[in-house]
Amino acid sequence: MNKTIVTVVGKDTVGIIARVCTYLANNNVNVEDISQTIVQGYFNMMMIVDTSGSEKPFGEMVTELENLGDEIGVKIRCQREDIFTKMHRI
Amino acid sequence: MINILEVNETNKMIEQEMLDVRTITLGISLLDCCDSDLDTLNRNIYDKITRLAKDLVSTGRQIELEYGIPIVNKRISVTPIALVGGGACTTPGDFVEIAKTLDKAARDTRVNFIGGYSALVSKGMTPADENLIHSIPAALSCTEGVCSSVNIGSTKTGINMDAVKLMGEIVRETAEATRENNSMGCAKLVVLCNAPDDNPFMAGAFHGVTEADAAINLGVSGPGVVKRALERVRGENFEVLCETVKRTAFKVTRAGQLVAQEASERLGIPFGIVDLSLAPTPSVGDSVAEILEEMGLESVGAPGTTAALALLNDQVKKGGVMASSFVGGLSGAFIPVSEDQGMIDAVNRGALTFDKLEAMTCVCSVGLDMIAIPGDTPASTISGIIADEAAIGMINQKTTAVRLIPVIGKDVGDTVEFGGLLGHAPIQPVNRFGCADFINRGGRIPAPIHSFKN
């Protein structure tokens, strides 16, 4: 199990979730949880995904998602979950 | 389950508050490289460093990418070269050859710095120690990435005043040897008392003889994160202030511990320690001085500064200790002048003097660090400053250090630019009264009474 956090932050527009989910599906990444809010027109989404089914090297996925973000006009980050659990849980 | 607020908090710390891992330092023992032939020794050293460190930089980059946390420096520290080169080097020139080998190994492994061009002479000097110390000016002027340190005292042994006298002269010679380059060599030379074996921060990093064959040591950072956290509790009492620093230090250290473990696992090299230091950089918003000012000081250097620094140091340690399984190195807050924009500003506005800096070193993690002084400062005065600082370390059982840069050709009122992480600094006046007769006595200052704990 390779839990990964994908965050998308930026100006809201139509189709952000669709584009991100399409990319993940094409790479055999399973989405386990999504939470999303819009604050003052700003789109803010966090996904917990499982990348263990994907054959793509992790670093490549990080770069491709960043590029996808540039295309849509939002900031997409893809980080291993450990950094958050370690920082916020004892 | 992790929630969106926690994720956003972490990413905000990284993006806006400059949370990063300041350095991954790979410590390498060179004791098994010893040989009586200088060429063989150099070859052994080069081969071992490049073999163990070949994946250090690429692994660091990979971890940065996967966790989204920047790792600013990748560095190497080695066994003090005076120990390694003792059998093969009969002149200072021989040691310079080893410095060149280290520099080449650093370049070929693409690390920022390599530390360990060092001698440990807290009680006495061997001929090898003396040769190495005499070779420092030449070694630092003909290499780029090599850092040098000399440990001249400890709580257990007292202070080696012969070495203190010699180091005053060596600092000056190094300044002269690199005068074309703003006496930059002195920025890579530090004189220590109570030097730890596992410090990952330059210029004082070396891989001590108590260490394993190789170890991954990590230096966390984040003055910016602490500053921002304190902005949110402005005006609250000291309990709240301390609690806030502690909580922040915990989170920062956890991130560091994770990166250290990952690096150790991927490189197949045991994890050594996490150093809980707040190490500033010259960029705005990454300053220890700004944290102290956020606590309520008009400027660093004002009355209250030492107390604020003591509080900061202690809370950083308290928060960090629980976050990591092994804590070591220097652990505390660094107060270098040229590398911290807030400190530079305080010196420029006349709030922060040399004497106040010395007082602050009683409670900071290291000592008088990256302070530019007039180029005509006598060697005996530099030795006197080293002796004062070593005495503070010896009596208080803490690490202290001196990294002064007598900038040849410059005087009070001038500014010196080092560039990059080393920053820039105004030349600060030093006390003009002499201490030559004191320094020229030579010999040793005995260990203090409280060192006898057998």
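Keep in mind that this is a model prediction, so the values were computed, not measured. Just so we're on the same page: letters track the sequence lines, and every chain starts at 1. Note: hydrogens, waters and symmetry copies are ignored here, and every other heavy atom, side chains too, is used.
Heavy atoms closer than 4.5 Å to chain B are found in the side chain of A/Glu81, but not in its backbone. Proximity to chain B (any heavy atom under 4.5 Å) is shown, for A/Arg80, by both the backbone and the side chain. With a threshold of 4.5 angstrom between heavy atoms, A/Met61 does not approach chain B through any atom at all. Only the side chain of A/Ile5 has a heavy atom closer than 4.5 Å to any heavy atom of chain B. Proximity to chain A (any heavy atom under 4.5 Å) is restricted, for B/Leu19, to the side chain, taken from C-beta onward. If you measure heavy-atom distances from A/Phe84 to chain B, the contacts under 4.5 Å come from both the backbone and the side chain. For A/Thr7, the part sitting under 4.5 Å from any heavy atom of chain B is the side chain, from C-beta outward, and nothing else. Residue B/Glu66 touches chain A through both its backbone and its side chain, counting heavy-atom pairs closer than 4.5 Å.
Against chain A, the residues from residues 7-14 of chain B that qualify, each with a non-hydrogen atom under 4.5 angstrom away, are B/Val7, B/Asn8, B/Glu9, B/Thr10, B/Asn11, B/Met13, B/Ile14 in number order.
Between A/Met87 and B/Leu258, the closest side-chain pair of non-hydrogen atoms is not below 4.5 Å.
With rounding to the nearest 0.5 Å, the separation of CD1 in B/Ile2 from CG in A/Asp33 is 11.5 Å. Distance check: B/Glu15 CD to A/Arg77 CZ gives 4.0 Å after rounding to the nearest 0.5 Å. A/Met47 CE to B/Ile4 CD1: the interatomic distance, rounded to the nearest 0.5 Å, is 11.0 Å.
No more than 12 heavy atoms of other residues, nucleotides or ligands shown are found within 6.0 angstrom of NZ on A/Lys11.
Per-residue heavy-atom pair counts under 4.5 Å with chain B were compared for A/Thr37, A/Thr85, A/Thr4, and the maximum is reached by A/Thr85.
Counting only distance, with no hydrogens or angles, the side chain of B/Arg254 and the backbone of A/Arg89 share a donor-acceptor pair below 3.5 Å.
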